[in-house]
Amino acid sequence: MHSEPLNDRNVSSNSTYYYVDIEEYPTQGWDKFKRVIKRTFKGELFVGLWVVLREMIKFDIHTVQYPKEKLPIGPRYRAVHKLLRLWESGYERCIGCGLCEKICISDCIRMDTKIDENSRKEVTEYSINLGRCIFCGYCAEVCPELAIVHGQRYENGSEQRAHFVIKDDMLTPLDLLTSGQQAEYPGFGSITPNESVKKTPLAY
Amino acid sequence: MDIAFIVETIVKIVVILLVFSALAGFGTYLERKVLAFMQRRLGPMHVGPFGLLQVAADGIKLFTKEDIIPQNVVKPIFKIAPVITAATAFMAAAAIPFWPEFTVFGYTVHPIVADINIGILYILGVMAIGLYGPLLGGMASANKFSLISAARSAAVFISYEVVSGLSLLAPLMMVGSLSLIDINNYQAGGIGSWIVWSQPVAFVLFWIAAFAETGRTPFHLIANDHEIIDGFGTEYSGMRWGLFFIGEYANMFFISFVIAIIFLGGYGDGTGLGVLGLLLKVAFFFFFFLWTRAAWPDVRPDQLMWLCWKVLMPLAVINVVITGFVMMF
Ligand code: SF4
Ligand code: SF4
């Protein structure tokens with residue numbers, strides 16, 4: 001339906017709004033009594049009984065038994081972060097540029113880098129304080145390497161505040177990578193992992 | 001009074017107490033399950049198979065919970081009120097024949113604690129005393145919600161008690177006895193002789209009054225959760241609250257027995273089939289208590305009083321008068 005008639009809030013013949021039909025409220029005792037009789041024998045109570053009984057017989061249960069079953073969540077759901085690895089080499093994707101640390105509006109990303117023996121920048125520490133993170137997604141948005149992404153793990157319950165926040169927990173383990181289980185974010189600039197992905201020749 | 005009689009009575013009392021305490025607990029499980037199914041949920045599922053041990057978990061929780069007595073309550077009354085509700089519910093059971101008499105090792109057992117000749121009068125009276133539980137508990141609680149609940153319980157009480165008494169008068173005139181066993185035997189001739197056929201109005205009226213008596217959903221206004229928290233139970237914790245709970249559910253079972261015996265033929269001629277029939281009838285009435293809770297809204301207290309005084313009571317009186325005329329001529 002076009003929204004135009006809905007914008008006219010005045011009740012008139014050409015608007016979609018109309019007054020709900022409300023019966024006159026009975027004032028006389030006799031009218032009230034008639035209303036009681038009408039309501040009593042109208043059978044509405046039995047309609048209600050039938051509806052719930054029907055649902056019981058149909059047994060169309062909508063309960064999700066949560067810890068055992070989980071509802072599917074959207075692919076772009078922003079839950080606990082993950083650090084990804086390069087498909088072709090298994091190196092960490094993060095180049096230590098620090099953009100995520102800079103953009104984080106809750107100031108909860110901390111990282112430490114050094115130059116390793118191959119003169120590559122190596123990220124030694126990378127942690128996100130999930131107690132402060134508001135899961136805005138800016139870090140994943142700004143990352144030039146698609147290194148930090150949001151995962152699907154939303155169960156943050158833990159005994160220690162420090163859990164889930166250290167690099168080793170977020171980084172894809174190598175064995176998961178080699179068995180092809182690193183989920184790729186299906187957005188702009190993402191790669192399709194197949195044979196065409198080659199290791200960049202670094203030997204100059 | 002010989003020893004055998006005393007032993008038999010004590011055994012019967014213990015059996016009724018144990019069976020109906022357990023049934024009251026199991027009733028809460030049934031209620032949760034039935035309500036859940038009607039609302040497309042699963043209900044308790046995790047404690048034991050199909051959540052069956054949920055009752056045990058609740059029991060342990062209630063028993064081990066701290067018994068809090070708030071500061072400004074009237075302590076003796078506050079403490080005794082839950083006992084009144086639970087005790088009167090079970091006292092009422094004394095005059096209910098749960099089973100036809102049977103013979104064990106040549107000894108005839110009457111499965112009724114006391115076959116007094118004013119049975120139904122006694123049951124109604126004792127159940128009415130049960131209302132003192134919410135009334136006293138609510139007034140002693142030093143809590144405004146409890147106070148409202150106590151006032152409502154008094155108002156509801158005087159309204160429905162008239163209806164339940166008057167509606168029972170007509171069938172009692174036909175039977176000519178107040179003993180539930182006599183009422184049962186009056187209808188022993190099979191389905192055709194059930195009182196519900198000759199007294200349908202009284203049946204419906206008493207059924208409605210039973211909802212007010214047990215405080216179940218269309219008339220759940222003494223402890224209406226969304227208006228006055230738990231009403232009289234707001235300040236109660238642990239097993240004191242549990243006693244209110246047991247009393248309420250035991251009452252539902254007993255009133256189901258009473259309706260089934262007075263109007264639907266009870267256990268009939270006392271054969272196994274009759275017993276099964278009685279259990280099925282009681283199960284239906286209990287189920288109906290849960291069913292209406294899922295389906296119907298609550299009425300306001302003034303609506304309940306209006307209904308009882310201006311509609312149900314005149315109907316009951318007319319019913320009594322017509323019955324009287326039919327019996328005279
Ligand atoms: S999701 Fe937002 S708040 Fe959380 S770490 Fe990334 S940028 Fe910071
Ligand atoms: S923006 Fe990406 S590449 Fe840069 S430091 Fe953060 S995670 Fe690493």
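Labels below follow one simple rule: chain letters A, B, ... track the order of the sequence lines, proteins then strands, and each chain is numbered from 1. Just so you know, these numbers come straight off a predicted model, no measurement behind them.
The backbone N or O of A:Gly96 sits less than 3.5 Å from a side-chain atom of A:Lys121, completing a donor-acceptor pair.
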Can you list the donor-acceptor atom pairs spanning chain A and chain B that come in under 3.5 angstrom?
unit_1: A:Leu45; atom_1: O; unit_2: B:Trp296; atom_2: NE1; d: 2.9
unit_1: A:Leu49; atom_1: O; unit_2: B:Trp291; atom_2: NE1; d: 3.0
unit_1: A:Glu55; atom_1: OE1; unit_2: B:Arg40; atom_2: NE; d: 2.8
unit_1: A:Glu55; atom_1: OE1; unit_2: B:Arg40; atom_2: NH2; d: 3.3
unit_1: A:His62; atom_1: N; unit_2: B:Arg40; atom_2: O; d: 3.0
unit_1: A:Thr63; atom_1: OG1; unit_2: B:Leu42; atom_2: N; d: 2.9

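Options A:Val47, A:Leu45, A:Val51 differ in how many heavy-atom pairs under 4.5 Å they form with chain B, and the most are formed by A:Leu45.
Note: B:Phe203 and B:Phe285 have perpendicular aromatic rings, judged against thresholds of 30 and 60 degrees for the angle between ring planes.
Taking A:Ile57 as the reference, A:Leu53 meet the side chain to side chain contact (heavy atoms under 4.5 Å, CB included) condition, with sequence neighbours excluded. Applying the side chain to side chain contact (heavy atoms under 4.5 Å, CB included) test to B:Ile318 and every residue at least two apart in sequence or in another chain returns B:Ile322. B:Val275 is linked by a side chain to side chain contact (heavy atoms under 4.5 Å, CB included) to B:Trp99, B:Pro100, counting only residues two or more places apart in sequence or in another chain.
Between B:Pro218 and B:Phe211 the shortest heavy-atom distance is CD-CD2, 3.8 Å.
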